[in-house]
Amino acid sequence: MLGPVILAASRSDRMRRLITAAPVTKQVVDRFIAGETVDDIVPVVEDLTGKGLELTMDVVGEDITTPEQATAARDAYLTLIDRLKGLDLGEKVEMSVKLSMFGQALPGGHELALANVRPVVEAAAGIGTTVTLDAEDHTTLDSMFAVHEELRKDFPQTGCVIQAYLFRTEADARRLAASGSRVRLVKGAYKEPAEVAYQNKHEIDKAYVRILRILMEGDGYPMVASHDPRLISIAQEMARTAGRKLDEYEFQMLYGIRSEEQLRLAAEGHRMRVYTAYGTDWYGYFMRRLAEKPANLRFFLRSMVTKG
C-alpha cells in the first residue's frame, strides 16, 4: 500500500525539497490549503460561511524545534482570532491546534504546550468560539488528553480528536462521551505500528462504526469527520436512533474534498464544518492528505504529468 510510503516521505527532508520545488506542486496544494496568510483566508471564511458552512481553522506547521517557534505558532493563532473578531461569526468558525506546534516535543514540552495553547483558548472564548486539540501520533496522546482535561476546567467546550485506527480509542471514547466534551472522530492519518493500530482498511472502518456508536449514545457532542458516504449514512441513522437533533452533532470534511457533498449536507440542515488549513509550512499536512486516499494521490500525479 502506498499510504505508509507517503507518510514516511512526509518525514524526509529530501522528499520535502523535491516536492516543494516542483512547479506543479503549488497548483495542487491550493486544492487543500486555503492560503498562506490571514489576509488570504478571510475571503475564504466569508465565502464558506455565507454558503451555510462552518469552519475549523488550522495554521499548518508541526516541525517545531525551539521555544521561539512555539511562541510564534501561538501568536499566529492569536492574530487569526483577532481578525475573526471583526467578522462576528462566533462558533461558526473554531480553531484546530496541534500541540506539537506549541512545543510539545521540546524539553518540558507538556507544560510549554499547555502554557502556549491556553491564551489561544482564552482568546477564542472571547469571540464566542472554541478550540479543538488535534490528535497526532500515538506517543503524544497521553499528553494531549491531559492538556485537554486541564483546559476544560475553565473552558468546557474545548474539543479533542480521537483516531479510529488505534486500539486504545474505544476506551478513550467511552471516557470522553461520558464527560460531555466535544469529540471529533477521524480514521487516523499517521504511520502507526501494528502493535498499537489496525492496519487494514476494513478493520479501521469497523472500529470507526463501533466508536461512533459510543459517541452517539453518550452525553458528548460528536463531530463525525469522514468523507465516506457509507459512514455518513451510518452516522445519520445512529443519530436518529439515539434521538439526537440536527444541532447535537456535526459532520466535518476537509477543505477541497467533496465540496458539493458539504453543501448538500448543510442544505439538509446538518451542521457541516470544513477543516480549513492555511499557512506556509504545508508539507506535512499535504502529504497526509495524499496518503489518506488514493484519489488524492492520483490527482497529484495526474497534475504533475499534465502540467509539470
Side-chain angles (χ1 to χ4, degrees), residues 27-35 40-60 80 84 87 89-97 129-132 134-135 159 161-164 182-189 205 208-209 212 215-216 221-240 244-279 282 285-286 288-300 303:
Q27 300 169 32
V28 182
V29 168
D30 286 346
R31 172 177 176 169
F32 304 110
I33 304 294
D40 291 337
I41 58 93
V42 166
V44 175
V45 170
E46 292 176 319
D47 176 59
L48 294 179
T49 55
K51 294 175 178 176
L53 301 169
E54 302 183 27
L55 282 76
T56 184
M57 305 300 301
D58 173 22
V59 182
V60 292
L80 169 64
L84 291 174
L87 300 181
L89 293 169
E91 63 180 13
K92 289 183 179 179
V93 182
E94 65 157 39
M95 318 297 141
S96 283
V97 303
T129 191
T130 189
V131 170
T132 295
D134 277 335
V161 176
I162 56 177
Q163 302 167 102
R182 298 167 60 258
V183 184
R184 179 195 302 150
L185 175 61
V186 303
K187 289 187 179 180
D205 284 352
Y208 193 102
V209 173
L212 183 59
L215 297 179
M216 285 292 186
Y221 179 80
M223 299 180 283
V224 185
S226 177
H227 305 97
D228 186 329
R230 177 173 168 271
L231 292 179
I232 291 169
S233 295
I234 290 172
Q236 290 173 309
E237 182 57 35
M238 282 186 182
R240 284 192 290 269
R244 287 184 177 268
K245 300 176 182 177
L246 291 180
D247 63 353
E248 293 177 338
Y249 66 100
E250 68 183 47
F251 292 106
Q252 295 193 2
M253 296 186 190
L254 297 170
Y255 176 84
I257 299 180
R258 301 203 73 204
S259 299
E260 292 302 317
E261 177 68 0
Q262 295 173 15
L263 294 172
R264 184 189 71 80
L265 288 168
E268 289 183 354
H270 293 283
R271 296 191 70 179
M272 178 67 244
R273 194 176 298 274
V274 184
Y275 191 103
T276 307
Y278 77 98
W282 47 261
Y285 178 88
F286 173 67
R288 283 196 301 280
R289 300 297 76 78
L290 295 185
E292 282 174 346
K293 193 173 180 183
N296 294 339
L297 179 60
R298 288 196 296 270
F299 176 81
F300 179 55
S303 298

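Scope of the values below: all heavy atoms of this structure, side chains included, with no hydrogens, waters or symmetry mates. Small disclaimer: the values here were computed from a predicted structure and weren't measured.
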Between [X] and [Y], is any pair of side-chain heavy atoms under 4.5 Å apart?
{"X": "Y278", "Y": "V59", "answer": "yes"}
{"X": "F251", "Y": "E261", "answer": "no"}
{"X": "E250", "Y": "Y221", "answer": "yes"}
{"X": "D134", "Y": "Y275", "answer": "yes"}
{"X": "L185", "Y": "V224", "answer": "no"}
{"X": "R271", "Y": "E91", "answer": "yes"}
{"X": "I232", "Y": "R258", "answer": "yes"}
{"X": "T129", "Y": "V93", "answer": "no"}

Look up atom [atom1] in [X] and atom [atom2] in [Y], then write down how far apart they are to the nearest 0.5 Å.
{"X": "M57", "Y": "Y255", "atom1": "CE", "atom2": "OH", "value": "9.5 Å"}
{"X": "L53", "Y": "H270", "atom1": "CG", "atom2": "NE2", "value": "13.0 Å"}
{"X": "M272", "Y": "E54", "atom1": "CE", "atom2": "CD", "value": "9.5 Å"}
{"X": "L215", "Y": "M238", "atom1": "CG", "atom2": "CE", "value": "9.5 Å"}
{"X": "D47", "Y": "L55", "atom1": "CG", "atom2": "CG", "value": "9.5 Å"}
{"X": "L265", "Y": "M253", "atom1": "CG", "atom2": "CE", "value": "5.0 Å"}

Please check if atom CZ in R230 has more than 12 non-hydrogen atoms from other residues, nucleotides or ligands closer than 6.0 Å. no
Does K92 have more than 12 heavy atoms from other residues, nucleotides or ligands lying within 6.0 Å of its NZ? no
side-chain contact (heavy atoms from CB on, under 4.5 Å) between L89 and V45, intermediate numbers included: CA-CA 10 Å; L89 293 169; V45 170; 3.6 Å; yes
For [X] and [Y], work out which heavy atoms get closest and say how close.
{"X": "V44", "Y": "A34", "answer": "CG2-O, 4.0 Å"}
{"X": "L231", "Y": "S226", "answer": "CD1-OG, 3.7 Å"}
{"X": "L254", "Y": "H227", "answer": "N-NE2, 2.9 Å"}
{"X": "A189", "Y": "Q163", "answer": "N-OE1, 4.3 Å"}
{"X": "A277", "Y": "V60", "answer": "CB-CG1, 3.5 Å"}
{"X": "S96", "Y": "T56", "answer": "OG-OG1, 2.7 Å"}

Would you check if the side chain of Q262 reaches a backbone N or O of I257 as a donor-acceptor pair within less than 3.5 Å?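 A pair under 3.5 Å: yes.
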Qualifying residue, where the test is side-chain contact (heavy atoms from CB on, under 4.5 Å) with M95 and the options are T130, L80, T132: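 That would be L80.
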Tell me, please, which residues at least two apart from Y208 pass ring-ring contact (aromatic ring centres under 6.0 Å, His included).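 Result, ring-ring contact (aromatic ring centres under 6.0 Å, His included) vs Y208: none returned.
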Regarding R264 and E260, does a basic nitrogen lie under 4.0 Å from an acidic carboxylate oxygen? no
Mind checking what makes side chain to side chain donor-acceptor pair (under 3.5 Å) contact with R244, not counting sequence neighbours? none
Determine, stepwise, if the pair R182 / E94 fulfils side-chain contact (heavy atoms from CB on, under 4.5 Å). CA-CA 12 Å; R182 298 167 60 258; E94 65 157 39; 2.3 Å; yes
